[in-house]
There are 2 protein chains.
Amino acid sequence: MGHRLADTSTPARLAAPDEGIGRDELALATRNHGLPLEAMRHDLTPPGLHYVLTHYDIPYVPEDTPWRLGVGGRVRRPLTLTPAELRSLPRVTTRVTMECAGNGRALLTPRPVSQPWLVEAVGTAEWTGVPLRLLLAEVGVEADAVDVVCTGADHGVERGVEQDYQRALPLGVATGTEPDVLVAYEMNGTPLPPQHGHPLRLVVPGWYGMAHVKWLREITVTDTPFTGFQQTVAYRLRQHPGDEGEPVTRIAPRALLVPPGFPDFMSRARVVRPGAVTLEGRAWSGRAPVTRAEVSTDAGQSWHEAELEPDAGHRWAWRRWRFNWRAEPGAYVLSARATDAEGHTQPLEQPWNRGGFVNNLVQRVEVLCLDEESGG
Amino acid sequence: MGHRLADTSTPARLAAPDEGIGRDELALATRNHGLPLEAMRHDLTPPGLHYVLTHYDIPYVPEDTPWRLGVGGRVRRPLTLTPAELRSLPRVTTRVTMECAGNGRALLTPRPVSQPWLVEAVGTAEWTGVPLRLLLAEVGVEADAVDVVCTGADHGVERGVEQDYQRALPLGVATGTEPDVLVAYEMNGTPLPPQHGHPLRLVVPGWYGMAHVKWLREITVTDTPFTGFQQTVAYRLRQHPGDEGEPVTRIAPRALLVPPGFPDFMSRARVVRPGAVTLEGRAWSGRAPVTRAEVSTDAGQSWHEAELEPDAGHRWAWRRWRFNWRAEPGAYVLSARATDAEGHTQPLEQPWNRGGFVNNLVQRVEVLCLDEESGG
């Protein structure tokens, strides 16, 4: 009897109609983690609260580990750089809201079996690094270049395919200035933590998380479109397994509420007392600046304009919004909705695709407002 | 119709025999998170990788928030201290392995419905703070004192009971030196992160996590045993709902493996190639020093002595162990087992209690060793 990867690595599947979250999904949910939504009160997500998704293991890179970033392929002067050499080049710091492409997957029906995110796979940090376009200018990209393939040090098997994590950006995005793609070495002013790509990662402001290759060790310019697993098998919007599908790219608009009041430990339902309650949250879009946030306190039947905080010039980061609510005893479903300058907004009915990507269905927060005199 | 806490906060329950993980358990798994086991390679768990469990919301305490710790109750000279005042007192730094009392709960049959930990609810950090015994000496504990009740700023409802998180230590533990209980303000040399109790938390080396009250704001000495929810309802070992039960206290011995090779993304099963594989991991006990670690490669049928790293004097922290394995093609279940100086060890058959606490069943790591020539 042979022992092959197919014995342990099975095809993608959808959960059966009443199938609860399985042991495999739970193992992913226990390793990876979302942003506890009350932490959206912080403009910059504190260390350890930013969402994390790693496909394979977090590489072990102690301080004294030599690290080299190769830049090669269809270039005239291939380069190898140490993190120290990267730090000596011009640096840019950008505030970026990053979201996992699979955020919201566990709320879908049917549920694609993978990392079972609810809505918390988001976080905002200031990333410091070298613009990728400067590195590409330095090595001299050939005229026939098409894609810029980024390879991480994380290694594993997925749907039967053994691989280093790899993703490509089209050359125009890799060399663009809106946004500046970064080869980042700092998060919120300190060296990257292990789980965020120490010592180097890509940061692609406005794009879903799969593009921000962590533990970056190789940048390869190609003259043909990249066809790796994470580009052509995973991270595509498909209705059927055989579809070619559309690639997942920029972040669709989303607004989330800081859940008001206090929680029940187990149900996570929220409890408030009657009176004035300031609702607040964040809104973002990777497609165009957010121009509007709305709030509903009746499960999306009616909507009220929320107040967006003034634009502070952080194009690629979330914006805070506020709404004054007068709570009266009763049971509520609160929601928020973002709209961006190109008119993209959030659906009230669930869209669906087989990978469970790019879900931006409006959030539902169940809130109980107690009777006036209620002590319990 | 009234609107009361009972509408949203329901009694404890056990999952039905084939009930998958529910939406409520998933919401907890998405907020809280375990230590990705490959990060056990680090002696000190890097920020953001240490396990976190918060019952309610993480309090929002920006840098400029005034904070006061009250020390009162059955004492002669009640005190109120700022974090700055605490920093001016004698400090102690202790390396501590902390584990959630509910670690392993999701592996139990039947499964208590709560935070669904597999085995990763652990982490090791160096905590710096003031010994609690010094604060208690300063305020002068009355002769009739029994318990020391610690109150956090985290507020919520649990099984119908609205509460601030509160736990008590017996006076003898609170004033003891083996270990020194700390009122801590630093984790690994930097101020506590929000999710670990910023600005102040209790650290009780050797005890399960429920004792290490975060966001500490009040220490109250009482002359009667504390009967709060987290002391007498939660965190007790019971077979039946009506049992008085035994309190959960010190950490039972446990050993965990750094999973070898590389993972399959979805199943998290491990893949290695034939040949020499160094197995390594950590072992700890809050009851007595770890004296032995063993490894099994045949699902616990036979055991081999692992090499414990030399004792570095960190009594309350995990110890590394190593074992050289020669992998041959096949499917394996790897396990590790810790034994401490008092002879406590880990069971091979599942013990069980209604809360799912103090589980130290030996870990099972499924590993596939590929055929020699296997490329996939």
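Convention: sequence-line order gives letters A, B, ...; per-chain numbering from 1.
Highest contact tally toward chain B, considering only A:Ser114, A:Ala27, A:Ala121, A:Ala331, is held by A:Ser114 [criterion: heavy-atom pairs under 4.5 Å]. The choice from A:Asn32, A:Asp24, A:Asp264 that makes the most heavy-atom pairs within less than 4.5 Å of chain B is A:Asp264. Contact count versus chain B (heavy atoms, under 4.5 Å) is highest, among A:His50, A:Glu120, A:Gln195, A:Gln115, for A:Gln195. The greatest number of non-hydrogen atom pairs below 4.5 Å with chain B, out of A:Gly261, A:Gly20, A:Gly22, A:Ala12, is found for A:Gly20. Contact tally against chain B (heavy-atom pairs below 4.5 Å) for A:Pro263, A:Pro47, A:Pro194: the top residue is A:Pro263.
Residues A:Glu162 and B:Arg273 are paired through a salt bridge, judged by an N-O separation under 4.0 Å between the basic side chain and the carboxylate. Using a 4.0 Å cut-off between charged side-chain N and carboxylate O, A:Arg268 and B:Glu25 make no salt bridge. Under the 4.0 Å criterion applied to side-chain N and carboxylate O atoms, B:Asp57 and A:Arg41 are not assigned as salt-bridge partners.
Interface remark: B:Pro116 contributes backbone and side-chain atoms alike to the contact with chain A (heavy atom separation under 4.5 Å). Only the side chain of B:Arg270 comes within less than 4.5 Å of a heavy atom of chain A; its backbone N, CA, C and O stay farther away. Looking at B:Leu368, only its side chain comes within 4.5 Å of chain A, counting heavy atoms on both sides. Proximity to chain B (any heavy atom under 4.5 Å) is shown, for A:Val113, by both the backbone and the side chain. Neither the backbone nor the side chain of B:Asp18 comes within less than 4.5 Å of any heavy atom of chain A.
The closest donor-acceptor contact from the side chain of B:Ser267 to the backbone of A:Thr8 lies under 3.5 Å.
Under the rule for a ring-ring contact (aromatic ring centres under 6.0 Å, His included), the partners of B:His55 that lie at least two apart in sequence or sit in another chain are A:Phe265, B:Tyr165, B:Tyr235.
Listed here is the closest heavy atom pair of A:Pro36 and B:Arg31: CB-NH1, 3.6 Å. In this structure, A:Asp371 and B:Gly2 approach most closely via the heavy-atom pair OD2-CA, 3.2 Å.
Counting only heavy atoms from C-beta outward, the side chains of B:Leu28 and A:Met266 approach each other to under 4.5 Å.
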